[in-house]
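Okay, structure first, notes after.
Chain letters run A, B, ... following the sequence lines, proteins first, then strands; residues in each count from 1.
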Protein chains: 2
Amino acid sequence: MFEFKTVRELYEMFLYGEELEFEGLDMIELEGWVKTNRNSGKIGFIALNDGTYFKNIQLIYLEETLDNFEDAAKLTTGSAIKVTGKFKLTPEGKQPFEVEVTELVIEGKCAEDFPLQKKRHTLEYLREIPHLRPRANTYLATFRVRSVLAMAIHEFFQSQGFVYVQTPIITGNDAEGAGETFTVTTRSDDNYEKDFFGKHASLTVSGQLHVESFAMAFRDVYTFGPTFRAENSNTSTHASEFWMIEPEIAFANLEDDMDLIEDCIKFCIQYVLEEAPAEMEFLNDFVDKEKTLVSRLKAVLNSEFKRLDYTDAIDLLQEANVKFENPVSWGIDLASEHEKYLCEQVFKGPIFIINYPKDIKAFYMRLNDDNKTVAACDLLVPGIGELVGGSQREERYEVLEQMMEEKGIDKETLQWYLDLRRFGGVNHAGFGIGFERLVMFMTGVSNIRDVVAYPRTPRNLKF
Amino acid sequence: MFEFKTVRELYEMFLYGEELEFEGLDMIELEGWVKTNRNSGKIGFIALNDGTYFKNIQLIYLEETLDNFEDAAKLTTGSAIKVTGKFKLTPEGKQPFEVEVTELVIEGKCAEDFPLQKKRHTLEYLREIPHLRPRANTYLATFRVRSVLAMAIHEFFQSQGFVYVQTPIITGNDAEGAGETFTVTTRSDDNYEKDFFGKHASLTVSGQLHVESFAMAFRDVYTFGPTFRAENSNTSTHASEFWMIEPEIAFANLEDDMDLIEDCIKFCIQYVLEEAPAEMEFLNDFVDKEKTLVSRLKAVLNSEFKRLDYTDAIDLLQEANVKFENPVSWGIDLASEHEKYLCEQVFKGPIFIINYPKDIKAFYMRLNDDNKTVAACDLLVPGIGELVGGSQREERYEVLEQMMEEKGIDKETLQWYLDLRRFGGVNHAGFGIGFERLVMFMTGVSNIRDVVAYPRTPRNLKF
């Protein structure tokens, strides 16, 4: 007679179902955790969250009808309970429905020193209890959105026939020479010849080089996995371990690459707004600094991503009536202040900066005919800065070889990568999205430590 | 006037579209790689694969109409081309359609020493060229299925509201003490206090302990990420780096866990058979040793997974009229020959063995009332053996604490894990699937090195 329901099911019936569905719904069973509990001696109210949905459900319990009213009244925040009760629609109430409890079983009490009491905590404090903070609203919303966003990525690529390739985490190449790497070893000295793999091994900084070989078989492929940087920096955007999405498309140039990036970002925004509306509303109102998260995302969704040549960008910056801290001249890597000015002041929307000087970009990017720039693109979005970096790849063996020499990349360990150009190599392009950066863009959360389950940063590995 | 098409689009129109769609389809453009090329001087045939679909498309080129007939005739296997031509349905032919080429552009020639010529190669040989082997049929099929299977996993869990949690790869806990681990360091000695994280760090062997904390917030969660074992074993089922799926469900016991496992495996089979029919047909006919892959999978799909108590399993083995190499007595860990006998001879289908002796299982598994066994389950399937391992988790603080003491698990570094039991802890359960094992089960491929893009095994890290 008791129908088991999750809070998600009830809200979905309410939001998307027909009124009829609620008929016949009488006695239901629920399980979850007490968020708040108050009572007046005769009547009590519990806000119950069962983790399946962002919002709580209100439980009412009465001294008159609940045998263990006293025990219920004493329940503290965080306790786990199972209840059965009468489901009621409450069209006049603050909440759409409530449950009048007829039976309550305590599944797990919560100790008095539970740190997540009703009062608000700083995010800094919550970072010290990563095993408990997922129960706080900010994290309930953020980690649900992170999960939905991961699904959006897979959905976007798989629906277009892309093959998901899980590139290796342990690698013998130091890939693109991008920053410092962690060593992976079973020894306590540096005799790597006697080590597990018979040579020095490190944690990957990118799956790109490996995934390119799959683009030469499947045409359209993508990675989605963890990458690592052993950089000793403690900023709000750096973590030692983070996830990257790296698509690679064959028979494609920089224009195709940018089209795909634009489609991908827009798909993700649309998907998250549709699949996590309650979470997005909360993040907009309580987490985003300017309380404009949703409108910012919708603006990106409805804008056309402009494309601006690096050389033109430099001209614009030099003509600007603004005093930049970092001097501007052709050849510099754009600083955050420059990107902000172009994106937020001049174009007031997402822009791709393209065709960067070859000296500030990676060896595998395709050399343009001017011999000075490469077919690279960075996507800048308002409020975030660089969200995506991509490029057409150098498909000409000799040019790639020369670029490797110029940049001091070891050819011997990457001969296999060079060889991809000898065996039916074609125009191809790809990009990389830092997944955490994308989550921050989508949630308005401003510190990377708050979008990762158990963040890894220098000298921080307690859990 | 030229409509660009992928081979997948053409086959999908043919298989699922309406005949009408082909009307109006006249001149089309295709890009891809030459699989075979033969000609009689006047007329030539190219089998073109563009990576989007497992099957090739036949191109016909005529000396009479193709300007660069000579160049076309010289194209070797592996070369990349772009063609335009006339699309033709060929209802009497071996293939459903073909393209008569009017223009052919060579995008990338393939050097003479291309190792993937038409002749068959051994898998051992192909393992030495992991950057090229994805273009061989066995791998085109296997890696597409791997990708589709990954999507099946996400689809299965997300459609039921599970939250995908990316648990950390670098960890300070040696988790369950499951096998040897890799050290992660930026030093060349063992002074870990001065190391990047200020303590010894290793690569994770499981995300379970970390994800349990999220089950206490979201109820239903799962991980899907890489895990590592520094075991020095060279078998066809061991790799140093592999991916695991680890779901965790709150308010659940062992029965709920097994229901979820059964649903999950069946969903995956159904999904792959539907989404990759051409690949599955090939794997059945050319890769599976017994050429019974698809019928085996369908048998699993249509069977009810039996549940057998470990103690009853021991009885059955002791009564069996079979001479086992490994002697049977209550308390032993079942050997492969025992599992095979039970699964293939006695039950002739998938079975769960449940309630194992506590001494042979991990510390976090829930102690049964007999004080001798734990609420664990292993799923055995014919031809593969153990495919999934799961358990209900110990939710009682004191019992868990005692199990940790018995098994010599360090309580201090896992105090946070123990604390989950103090703060509204509830019955919960979960399981782990080795993703590569699942891919092998689904493809009939018998060596783990052939289902991983760039396999990592002892002394093997060339790429």
Interface check, chain B: of A:A215, A:S147, A:G425, most non-hydrogen pairs under 4.5 Å belong to A:S147
d(B:T171 OG1, A:E241 CD) to nearest 0.5 Å is 9.5 Å
- Task: Using the side chain to side chain contact (heavy atoms under 4.5 Å, CB included) rule, take A:F224 and B:F224 through it: C-alpha gap first, then chi angles, then the decisive distance, then the call.
- Result: CA-CA 11 Å; A:F224 189 0; B:F224 188 0; over 6 Å; no
In short, A:D50 meets B:R219 closest at the heavy-atom pair O-CB, 3.3 Å
So, the part of A:K462 with a heavy atom under 4.5 Å from chain B: the answer is backbone
Per-residue tally against chain B (heavy atom, under 4.5 Å) across A:D195, A:T457, A:V148 peaks at A:T457
Under 4.5 Å to a heavy atom of chain A? For B:F4 that would be side chain
Note: B:I170 and A:F228 closest approach over all heavy atoms is CD1-CD2, 3.8 Å
Honestly, the part of A:E395 sitting under 4.5 Å from a heavy atom of chain B is neither
Turns out that what part of A:V165 lies under 4.5 Å from chain B's heavy atoms comes down to side chain
Whatever's closer than 4.5 Å to a heavy atom in chain B on A:I81 counts as backbone
Ranking B:N191, B:L140, B:V211, B:L116 by heavy-atom pairs under 4.5 Å to chain A gives rank one to B:L140
If one checks every heavy atom of A:Y53 against chain B at 4.5 Å, the contacting part turns out to be neither
When the 4.5 angstrom heavy-atom criterion is applied to B:R144 and chain A, the contacting part is both
In this structure, CZ of A:R459 is separated from CZ of B:F196 (nearest 0.5 Å) by 10.0 Å
Taken to the nearest 0.5 Å, the spacing of A:F214 CZ from B:R135 CZ works out to 11.0 Å
Separation between OG1 (A:T6) and CD (B:Q160), nearest 0.5 Å, reads 11.0 Å
Scored by heavy-atom pairs under 4.5 Å with chain A, the best of B:W243, B:Y164, B:F114 is B:W243
Under 4.5 Å to a heavy atom of chain B? For A:F435 that would be side chain
The interface call for A:P226 against chain B, heavy-atom contacts under 4.5 Å, is side chain
Applying a strict 4.5 Å limit to non-hydrogen atoms, the region of A:R187 in contact with chain B is backbone
Counting heavy-atom pairs under 4.5 Å with chain A, the top scorer among B:A217, B:G108, B:G225 is B:A217
Note: vs chain B, highest number of non-hydrogen pairs under 4.5 angstrom among A:V184, A:I169, A:D220 is A:I169
Interatomic distance, CZ@A:F423 vs NZ@B:K109, rounded to 0.5 Å, equals 15.0 Å
Applying a strict 4.5 Å limit to non-hydrogen atoms, the region of A:A250 in contact with chain B is side chain
Honestly, the part of B:F162 sitting under 4.5 Å from a heavy atom of chain A is backbone
request  = Assess whether side chain to side chain contact (heavy atoms under 4.5 Å, CB included) is satisfied between A:T183 and B:T183, documenting all intermediate values.
outcome  = CA-CA 8 Å; A:T183 293; B:T183 293; over 6 Å; no
Assert top hit (heavy-atom pairs under 4.5 Å, partner chain B, pool A:D113, A:T167, A:D419, A:T186) equals A:D113
Scanning both residues in full, the closest heavy-atom pair of B:L461 with A:A201 reads CD2-CB, 3.5 Å
Applying a strict 4.5 Å limit to non-hydrogen atoms, the region of A:E107 in contact with chain B is both
Does A:Q415, at its CD atom, have more than 12 non-hydrogen atoms belonging to other residues, nucleotides or ligands within less than 6.0 Å? yes
Note: A:A80 and B:G424 closest approach over all heavy atoms is CB-O, 3.7 Å
Item checked: Step-by-step side chain to side chain contact (heavy atoms under 4.5 Å, CB included) determination, A:E155 to B:M151 -> CA-CA 8 Å; A:E155 185 74 37; B:M151 188 62 183; 3.5 Å; yes
Honestly, the part of A:S240 sitting under 4.5 Å from a heavy atom of chain B is side chain
If one checks every heavy atom of A:R422 against chain B at 4.5 Å, the contacting part turns out to be both
- Item | Steps toward ring pair (Phe, Tyr, Trp, His ring centres under 6.0 Å) verdict (A:F182, B:F182) | CA-CA 12 Å; A:F182 289 103; B:F182 289 103; over 10 Å; no
Look only at the side chain of A:R456 and the backbone of B:P168, and say whether a donor-acceptor pair between them is shorter than 3.5 Å. no
Looking only at A:R146, A:R8, A:E275, most heavy-atom pairs under 4.5 Å shared with chain B are made by A:R146
One option among B:A136, B:G32, B:A150, B:P458 has the most heavy-atom pairs under 4.5 Å with chain A, and it is B:P458
In short, B:V163 meets A:F143 closest at the heavy-atom pair CG1-O, 3.8 Å
Okay, B:Q166 and chain A: the region with an atom under 4.5 Å from a heavy atom over there is both
Honestly, the part of B:E193 sitting under 4.5 Å from a heavy atom of chain A is backbone
Worksheet item: Should the ring pair A:W33 and B:F251 be called parallel, tilted or perpendicular, given that the plane angle runs from 0 to 90° and is split at 30 and 60?
Response: tilted
Original post:
Relative to the ring of B:W416, is the ring of A:F463 parallel (under 30°), tilted (30 to 60°) or perpendicular (over 60°)?
Top reply: perpendicular
Given A:I129, A:D189, A:T185, A:L203, the one with more heavy-atom pairs under 4.5 angstrom with chain B than any other is A:T185
